[in-house]
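Working notes, beginning with the structure itself.
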Amino acid sequence: MGKLGFLAGAGVGYVLGARAGRERYEQIKHLTQRAWHNPRVQRQAAHAQAVVAEKASQAQNVVSEKATHAASYVQEAVKEQVHGMAGHGETAPGSSGTTPPRP
């Protein structure tokens, strides 16, 4: 009878705990929804959204500027390498050293 009593108690505890857990979940859900629909919360959310949009735009500009600068830097470095090789009678890797005919 000990195991049966334990299992019965565990079952009852589970059912009561599940019911209490569901009720508490519903309370938390209700309070969260009420808070979210509060005009002050909505104003703050709108303000936060505007700030994020502004910062994202600024970040986009910075990234674009940095990418352009990096591309120019790489382009100049490649030109220097190619001209440096040509000045020493070397050819760039993969090239034959001759200029291909123009169409």
Task: Close side-chain approach of K79 and Q75, heavy atoms under 4.5 Å - done: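 K79 vs Q75: side chains touch.
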Task: Residue that, paired with K66, satisfies side chain to side chain contact (heavy atoms under 4.5 Å, CB included) out of V63, T68, V62 - done: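 Exactly one candidate clears the test, V62.
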Task: Sequence-distant partners of L31, side-chain contact (heavy atoms from CB on, under 4.5 Å), two or more places apart - done: R34
Open item on the list: Check for me, please, whether I28 and W36 land in the same ILVMFWY cluster - side-chain distances under 4.5 Å, paths through other members count.
Closed with: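 No, no single cluster joins them.
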TODO: Could you tell me whether Q33 atom CD has more than 12 heavy atoms of other residues or ligands within 6.0 Å of it?
DONE: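 Count over threshold, so yes.
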TODO: Not counting sequence neighbours, which residues clear salt bridge (Lys or Arg N to Asp or Glu O under 4.0 Å) with E65? List them please.
DONE: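 For E65, no residue satisfies salt bridge (Lys or Arg N to Asp or Glu O under 4.0 Å) once neighbours in sequence are set aside.
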Task: Any donor-acceptor N/O pair, S64 side chain to Q60 backbone, under 3.5 Å - done: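 The answer is no, because no donor-acceptor pair under 3.5 Å joins these two groups.
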Under 3.5 Å, which donor-acceptor pairs link side chains of residues 50-59 to any protein atom two or more places apart or in another chain?
unit_1: E54; atom_1: OE2; unit_2: Q58; atom_2: NE2; d: 3.3

